[in-house]
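These numbers were taken from a predicted model, which means no experiment stands behind them. Worth knowing before you read on, the calculation uses all heavy atoms, side chains too, and leaves out hydrogens, waters and symmetry mates.
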Amino acid sequence: MAAKISYDDVEVGTELPARSFPVNRATLVQYAGASGDFNPIHWNEKFAKEVGLPDVIAHGMFTMASAIRVVTDWVGDPGAVVDYGVRFTKPVVVPNDGTGALIEVSAKVAAKLDDDERTVRVDVTAVSAGQKVLGMSRAVVRLA
């Protein structure tokens, strides 16, 4: 695959299409199986509350992976992401209410970094239940 977005066509401030990602308890169990992270804070409500959490929470890496999908969908090639990092600021609380939680993600091109490498920095914002769940969420992306 190759990036579908041209470096020459992108300006600082370009907004990527926003997306929302639903998360429910089944999603967390599936992610636990795929990742091998069976920490009970991600599936056992009683345990999560005993350790001071409001309820079961989504895996941080699941939240991080969901957020970067806005960038990979936009650029058309997951391999175009050269670097990606976040700070976890708040957990995504996933109630067992038949609905779960929603991670709302938006992103924009914050800087054109290197004309020769055709790289840009994309700042990503992820919010759940009105709270920012990722801070300093930034990706460096190599464009076409």
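By the rule that hydrophobic residues join a cluster once side-chain heavy atoms approach within less than 4.5 Å of another member, Leu28 and Met61 end up as members of one cluster. Note on Tyr7 and Val81: same hydrophobic cluster, where clusters join Ile, Leu, Val, Met, Phe, Trp and Tyr whose side-chain heavy atoms are under 4.5 Å apart, directly or indirectly. In this structure, Ile57 is not a member of the same hydrophobic cluster as Val127, with clusters built from ILVMFWY side-chain heavy atoms closer than 4.5 Å. Note on Trp43 and Val94: separate hydrophobic clusters, where clusters join Ile, Leu, Val, Met, Phe, Trp and Tyr whose side-chain heavy atoms are under 4.5 Å apart, directly or indirectly.
With hydrogens and angles ignored, the 3.5 Å screen pairs no side-chain donor or acceptor of Arg121 with any backbone N or O of Leu113. Between the Thr63 side chain and the His59 main chain, a donor and an acceptor come within less than 3.5 Å of each other. Under a 3.5 Å cut-off, the side chain of Thr14 and the backbone N or O of Val109 do not form any donor-acceptor pair. Under the 3.5 Å distance criterion, the side-chain polar atoms of Ser128 are matched with a main-chain donor or acceptor of Leu102. Between the side chain of Arg118 and the backbone N or O of Arg142, no donor-acceptor pair lies under 3.5 Å.
His42 contributes atom NE2, which lies 9.0 Å from atom CG of Leu53 (distance to the nearest 0.5 angstrom). Remark: Gln30 CD to Phe62 CZ distance equals 9.0 Å, nearest 0.5 Å. Residue Lys4 holds its NZ atom at 9.0 Å from CG of Asp77, rounded to the nearest 0.5 Å. Taken to the nearest 0.5 Å, the CG atom of Leu143 stands 7.5 Å off from the CD1 atom of Ile5.
Heavy-atom minimum distance, Ile41 versus Val51: CG2-CG2, 3.9 Å. Minimum interatomic distance between Val86 and Ser137 (heavy atoms only, all atoms of both residues): CG1-OG, 3.3 Å. Nearest heavy atom pair, residue Ala58 against residue Val23, reads CB-CG1, 4.5 Å. Taking all atoms of both residues into account, the shortest heavy-atom contact from Tyr84 to Met64 is OH-O, 2.8 Å. Shortest non-hydrogen contact noted between Pro54 and Val93 is CG-CG2, 3.6 Å. For Ala32 against Phe38, the heavy-atom pair with the smallest separation is O-CZ, 3.4 Å.
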Given the rule in the side-chain contact (heavy atoms from CB on, under 4.5 Å) test, do Phe21 and Val92 qualify, once you have shown the distances and angles that lead to the verdict? CA-CA 11 Å; Phe21 301 96; Val92 174; over 6 Å; no
Given the rule in the side-chain contact (heavy atoms from CB on, under 4.5 Å) test, do Val133 and Phe88 qualify, once you have shown the distances and angles that lead to the verdict? CA-CA 6 Å; Val133 295; Phe88 300 104; over 6 Å; no
Can Val124 and Leu134 be said to form a side-chain contact (heavy atoms from CB on, under 4.5 Å), step by step? CA-CA 8 Å; Val124 180; Leu134 299 176; 5.7 Å; no
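Other residues, nucleotides and ligands contribute over 12 non-hydrogen atoms within 6.0 Å of the NZ atom of Lys112.
The closest side-chain heavy-atom distance from Val56 to Asn96 is not below 4.5 Å.
Asp37 and Tyr31 form no side-chain donor-acceptor contact under 3.5 Å, judged by distance and modelled atom types alone.
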